[in-house]
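Please read the structure below before turning to the comments.
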Amino acid sequence: MKLWSQFFIPTLKESPADAEIASHKLLVRAGLVRKLGGGLYTYLPLGLRVMRKITQICREEIDRGGGIELEMPHLHPAENWVQGPRWSAAREIMFRTDSAGDGKRAPREPEFVLGPTHEEVITPLVKAEITSYRDLPKNFYQIATKFRNEIRPRYGLMRAREFVMMDAYSFDVDDAHAIASYGKMKAAYEAFFRRIGVTAIAVEADTGVMGGSHSHEFMVPAEIGDDDVIYNEASGYAANREKARSALVPAGLTDAAPTGATEEFATPGIVTIAALEAAPHAVPADNQFKTLVFMGDGKPFLVILRGSDELEEAKLGSLGFTLFRAATPEEIEPVMGARPGSLGAVRGTIKNPGALAGVFADAAIRLIGNGVTGANRDGFHLRHVNVTRDLAITKFGDFRRVRAGEPDPTNGQPLQSRRGIEVGHIFKLGTKYSEKYGAAYTDDQKQSHPMVMGCYGIGISRTLQAVIEQSHDADGIVWPWAVAPFQVLICVLDPQLPEAMELARKLAVAAETAGADVLVDDRAERPGVKFKDADLIGLPLRITIGGKGLKEGIVELKARTSKDVLKLPLAEAETRIADAVRVRAG
RNA sequence: CGGGGCGUAGCUUAGCCUGGUAGAGCGCCUGGUUUGGGACCAGGAGGUCGCAGGUUCGAAUCCUGCCGCCCCGACCA
């Protein structure tokens with residue numbers, strides 16, 4: 001039992017000016033966190049209690065899924081990263097540290113980085129410690145602070161520079177066993193989110209800079225989420241838009257025959273799809289070929305899409321470049337012979353085709369058959385361009401952004417789209433890290449093999465905020481039982497009455513014995529203030545002890561989720577409260 | 001990092017355009033009246049107006065630079 005007057009819950013009537021979304025406002029207003037700087041937050045006592053509860057449930061479920069807890073340093077020798085496979089891709093999000101020195105000369109020390117994730121630490125550890133198939137599988141995890149120099153921290157704990165994450169790393173003898181480990185973690189995640197009272201759905205996801213073959217993200221549906229989930233309820237298909245597929249291009253599609261010889265026509269000043277759509281040319285966007293130029297590891301490559309489609313940039317990750325970015329007009333012209341707006345991939349029109357690392361076409365351009373594209377001559381386009389006859393395509397792929405309404409790839413029904421917050425991610429990594437660091441084992445035939453890895457993350461602090469985003473009303477937070485900082489609030493309206501406080505202590509003991517954490521509001525505040533604060537901090541059960549009720553011989557019991565107030569005769573109060581707690585505690 | 005916005009008391013903010021003693025509400029302190037959904041009255045403390053330059057007799061206000069924060073984009077748990 002905690003007495004409010006001896007605890008620290010600084011609630012606010014007004015929302016801080018820098019908070020935009022409900023959960024961020026409530027985090028601050030309910031006295032859970034305070035901001036230190038952009039993306040940096042202090043967990044106040046109430047917030048810390050929630051973090052601990054989420055952390056503990058996470059630990060229990062990961063343990064149940066076979067995880068072994070350890071803790072690695074937050075400070076990493078940069079050397080570990082330089083040796084790894086993604087130093088160049090990941091260094092931009094890392095904080096580098098050194099000694100503050102004596103202020104007189106530049107410190108000369110090994111370079112350190114603050115850990116954004118721990119593959120670069122765990123893999124060398126496992127390499128050194130595990131060498132036999134007899135010691136596999138192993139799945140190590142920790143729940144610890146991570147540091148990422150987010151370009152734009154946002155929405156309170158939602159995207160912070162310093163945040164708490166559960167990160168796990170599995171090591172298996174082969175692919176089949178790695179998939180089993182992956183499956184166990186997926187089940188553990190589902191159990192975790194269920195227990196903390198959060199709806200999180202597993203969706204297919206892009207692997208990003210982590211690499212690896214496949215992955216799922218766990219998404220909490222929310223309007224303010226950063227990600228779009230493409231899904232269909234009937235089929236159960238769900239994917240991050242970055243990864244989503246659709247059956248837009250029918251499997252049996254036959255390629256259109258040419259309609260005539262390609263023909264150049266003048267389009268002075270027309271450099272956008274929309275402009276070519278307008279009169280006098282009137283070429284529909286879905287009859288145009290859009291030609292984009294990217295730089296992949298220093299070499300230009302082309303991506304061709306339908307004019308009506310958007311590029312889904314994440315999908316270019318499948319092309320195998322370590323780093324890629326859009327090319328600048330200065331880079332484009334010498335290769336293509338024209339500036340953006342008049343580009344095309346028709347054979348023979350590209351000025352310097354040898355410079356290209358490839359021409360990658362989205363499969364949907366096959367729906368065009370014969371269309372219009374840039375002539376690689378400023379102010380000119382080509383018509384009657386046939387996909388198979390004319391375009392210098394290296395490879396077809398899926399590069400377009402899927403839109404709601406397109407057919408589900410599994411059942412053909414229309415796909416839907418909604419926003420979500422990514423709270424967890426699981427990756428099947430393969431041998432990318434184990435090969436790089438030499439983490440290998442010897443099998444029973446004395447053969448050496450790289451271990452097959454998986455890695456898994458849950459954003460604990462982000463999940464905390466996602467809980468609030470998903471569970472609040474106009475008055476404040478509505479905590480799910482399992483993660484509430486306290487489950488029972490005893491509101492003593494007349495704390496100056498000794499019999500009121502005595503009763504509060506008695507009821508607190510009853511609730512605690514039944515399995516609840518109890519907060520007693522013993523402040524010398526007016527009832528209105530106490531009720532407003534009670535709703536704001538959102539504890540699941542509220543017991544009200546007032547002078548009036550005591551004269552009547554009752555106390556009141558109210559759930560945060562309900563408007564109904566139960567009047568409990570004093571003689572029954574302890575048992576009734578204990579029952580109410582047991583029902584919810586399960 | 002590109003685009004936009006904002007920095008005034010612990011919090012929310014007015015004042016800035018059109019330069020001339022920095023104001024309110026909440027919170028805090030004292031006293032009193034109150035006491036079942038953010039009370040009222042009286043008194044009080046609290047501000048180098050983000051920082052540094054500049055223009056001016058005079059700058060919160062105009063100009064320049066920097067810093068910080070928020071929003072949109074690319075990245076992520």
Side-chain angles (χ1 to χ4, degrees), chain A residues 10-21 24-25 28-29 31 34-40 58 89-90 92-94 116-118 143-168 189 200 205-210 215 217-220 224-227 240 242 311 313-314 317 324-326 420-427 455-466 475-476 491-497 524-536 542 544-550 552 556 558 563 565:
Chain A
T11 57
L12 298 174
K13 283 190 193 175
E14 287 172 301
S15 296
D18 58 12
E20 180 91 354
I21 63 170
H24 185 192
K25 289 176 182 169
V28 179
R29 285 190 57 211
R34 285 294 183 265
K35 182 166 75 177
L36 174 64
L40 300 172
C58 182
E92 278 189 52
I93 60 146
M94 289 197 272
T117 168
H118 282 69
I143 299 174
T145 302
K146 295 283 180 285
F147 302 86
R148 290 187 194 174
N149 193 6
E150 292 293 342
I151 298 161
R152 185 152 92 86
R154 202 154 81 113
Y155 290 160
L157 302 179
M158 210 56 95
R159 196 192 317 173
R161 289 198 165 103
E162 184 180 321
F163 59 95
V164 176
M165 179 165 124
M166 185 296 299
D167 50 318
Y189 273 41
D206 184 64
T207 51
V209 72
M210 297 298 300
S215 80
E217 284 168 350
F218 284 76
M219 293 283 191
V220 174
I224 55 90
D226 276 342
D227 293 278
N240 190 313
E242 291 182 347
L311 172 68
E313 207 170 310
F324 59 83
R325 59 167 173 83
I421 302 165
E422 183 189 349
V423 288
H425 206 155
I426 57 181
F427 297 89
C455 74
Y456 316 88
I458 293 177
I460 299 288
S461 42
R462 179 182 282 184
T463 298
L464 188 165
Q465 188 170 343
D475 296 313
C491 228
V492 186
L493 299 185
D494 302 283
Q496 75 286 357
L497 297 177
E525 291 287 352
R526 293 165 57 86
V529 173
K530 295 193 173 206
F531 291 140
K532 287 290 186 188
D533 273 348
D535 288 342
L536 180 59
R542 186 180 88 194
T544 306
I545 300 175
K548 271 189 192 171
L550 287 182
E552 269 181 65
E556 293 163 16
K558 180 186 170 299
K563 291 219 180 315
V565 174

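So you know, we letter chains A, B, ... as the sequences are listed, proteins then strands, and number each from 1.
Checked by distance alone, A/E14 brings no side-chain donor or acceptor within 3.5 Å of a matching partner on the base of B/G38. For A/R542 against B/G36, a side-chain-to-base donor-acceptor contact under 3.5 Å is absent.
Of the candidates B/U12, B/G36, B/A74, the closest approach to any side-chain atom of A/R152 belongs to B/A74. Here B/C70 is the nucleotide among B/C76, B/A77, B/C70 with the atom lying nearest to any side-chain atom of A/D18. Comparing atom distances between the A/L536 side chain and each of B/G38, B/G37, B/G36 picks out B/G38 as nearest. For A/D227, counting side-chain heavy atoms from C-beta on, the closest listed nucleotide (B/G36, B/G38, B/C76) is B/C76. Among the nucleotides B/C71, B/C69, B/G36, the one closest to any side-chain atom of A/K35 is B/C69. Here B/G38 is the nucleotide among B/G38, B/U34, B/C71 with the atom lying nearest to any side-chain atom of A/V529. The nucleotide whose nearest atom lies closest to any side-chain atom of A/F531 is, among B/A74, B/G37, B/U12, B/G37. If you check B/C71, B/C75, B/A77 against the side chain of A/F163, the one that comes closest is B/A77. Listed nucleotides B/C71, B/U12, B/G36 differ in distance to A/A17; the shortest reach to its side chain belongs to B/U12. The listed nucleotides are B/G38, B/C76, B/C70; the one nearest the side chain of A/E20 is B/C70.
The separation between A/E313 atom CD and B/A74 atom P is 9 Å, rounded to whole Å. Atom CG in A/L493 sits about 19 Å away from atom P in B/U34, given to the nearest Å. Rounded to whole Å, atom C1' of B/C70 lies 13 Å from atom CZ of A/R159. Spacing between atom NZ of A/K25 and atom C1' of B/C11 amounts to 15 Å, rounded to whole angstrom units. When rounded to the nearest whole Å, the span between CZ of A/R154 and C1' of B/A74 equals 12 Å. Taking atom NZ of A/K532 as the reference point, atom C1' of B/G36 lies 13 Å away to the nearest angstrom. Atom CZ in A/R29 sits about 14 Å away from atom C1' in B/G27, given to the nearest Å. Between the P atom of B/C75 and the CG atom of A/N240 lies a distance of 10 Å, rounded to the nearest Å.
Residue A/S15 is in sugar-phosphate contact alone, with no base atom involved, counting any heavy-atom pair closer than 4.0 Å across all strands shown. Using a 4.0 Å heavy-atom cutoff across all strands shown, A/E556 reaches at least one base atom of the nucleic acid. At the heavy-atom level, A/D226 lies under 4.0 Å from base atoms of the strands shown. Within 4.0 Å of A/M219, counting heavy atoms only, lies no atom of the nucleic acid at all. Among the protein residues, A/G546 comes within range of the nucleic acid bases, having at least one heavy atom under 4.0 Å from a base atom. Contacts of A/D535 with the nucleic acid, taken as non-hydrogen atoms under 4.0 Å apart, include base atoms. Residue A/I458 is classed as having no contact, given no heavy-atom separation below 4.0 Å to the nucleic acid.
Screening A/L36, A/T145, A/L157 against A/E162 for a side chain to side chain contact (heavy atoms under 4.5 Å, CB included) leaves a single residue, A/T145.
When every heavy atom of A/A205 is checked against every heavy atom of A/H425, the shortest pair comes out as CB-NE2, 3.7 Å. Shown here for A/P116 and A/I93, the closest heavy-atom pair between the two residues is CB-CD1, 3.9 Å.
As rounded to the nearest Å, B/G7 and B/G15 have P atoms that lie 10 Å from one another. Nucleotides B/G38 and B/G20 place their P atoms 41 Å apart, quoted to the nearest Å. Distance noted for atom P between B/C49 and B/A22: 10 Å (whole Å). Taking atom C1' in both B/C17 and B/U34, the straight-line distance is 46 Å, to the nearest Å. As rounded to the nearest Å, B/C62 and B/C16 have P atoms that lie 9 Å from one another. Atom name C1', nucleotides B/U8 and B/G4: the rounded distance is 22 Å, in whole Å. Across the C1' atoms, B/G50 and B/C6 are found 11 Å apart, a figure rounded to whole Å.
Contact check for A/K530 versus A/P495: side-chain heavy atoms found under the 4.5 Å cut-off. The shortest distance between side-chain heavy atoms of A/V28 and A/R34 falls below 4.5 Å.
In terms of phosphate contacts, A/R526 brings no side-chain nitrogen or oxygen within less than 4.0 Å of OP1 or OP2 of B/G36. At B/G37, none of the side-chain N or O atoms of A/K530 fall inside 4.0 Å of OP1 or OP2 (strictly under the cut-off). Residue A/Y155 places at least one side-chain N or O under 4.0 Å from the OP1 or OP2 atom of B/C72.
In this structure, CG in A/N240 is found 4.5 Å from CE in A/M219, a value given to the nearest 0.5 Å.
Searching all strands for a Watson-Crick or G-U wobble partner of B/A22 with both distances below 3.5 Å returns nothing. Partner assigned to B/U30 is B/A42, using Watson-Crick or G-U wobble distances below 3.5 angstrom. Pair assignment for B/C76 gives none, since no Watson-Crick or G-U wobble pairing has each distance under 3.5 Å. Pairing partner, B/G7: B/C67, with both Watson-Crick or wobble hydrogen-bond distances short of 3.5 Å. Across all strands shown, B/G54 is found opposite B/C62 as a Watson-Crick or G-U wobble partner, with both distances under 3.5 Å.
Of the residues near RNA chain B, A/G459 and A/G547, the one whose nearest nucleotide (by heavy atom distance) lies more toward the 5' end is A/G547. Along RNA chain B, the nucleotide nearest A/T544 and the nucleotide nearest A/A19 are compared for position; the residue whose nucleotide lies closer to the 5' end is A/T544.
Ring geometry for A/Y189 versus A/Y456: interplanar angle over 60°, hence perpendicular rather than tilted (30 to 60°).
No donor-acceptor pair closer than 3.5 Å links the side chain of A/R462 to the backbone N or O of A/V423. Formation of a donor-acceptor pair under 3.5 Å by the A/E556 side chain with backbone atoms of A/V565 is not found in this model.
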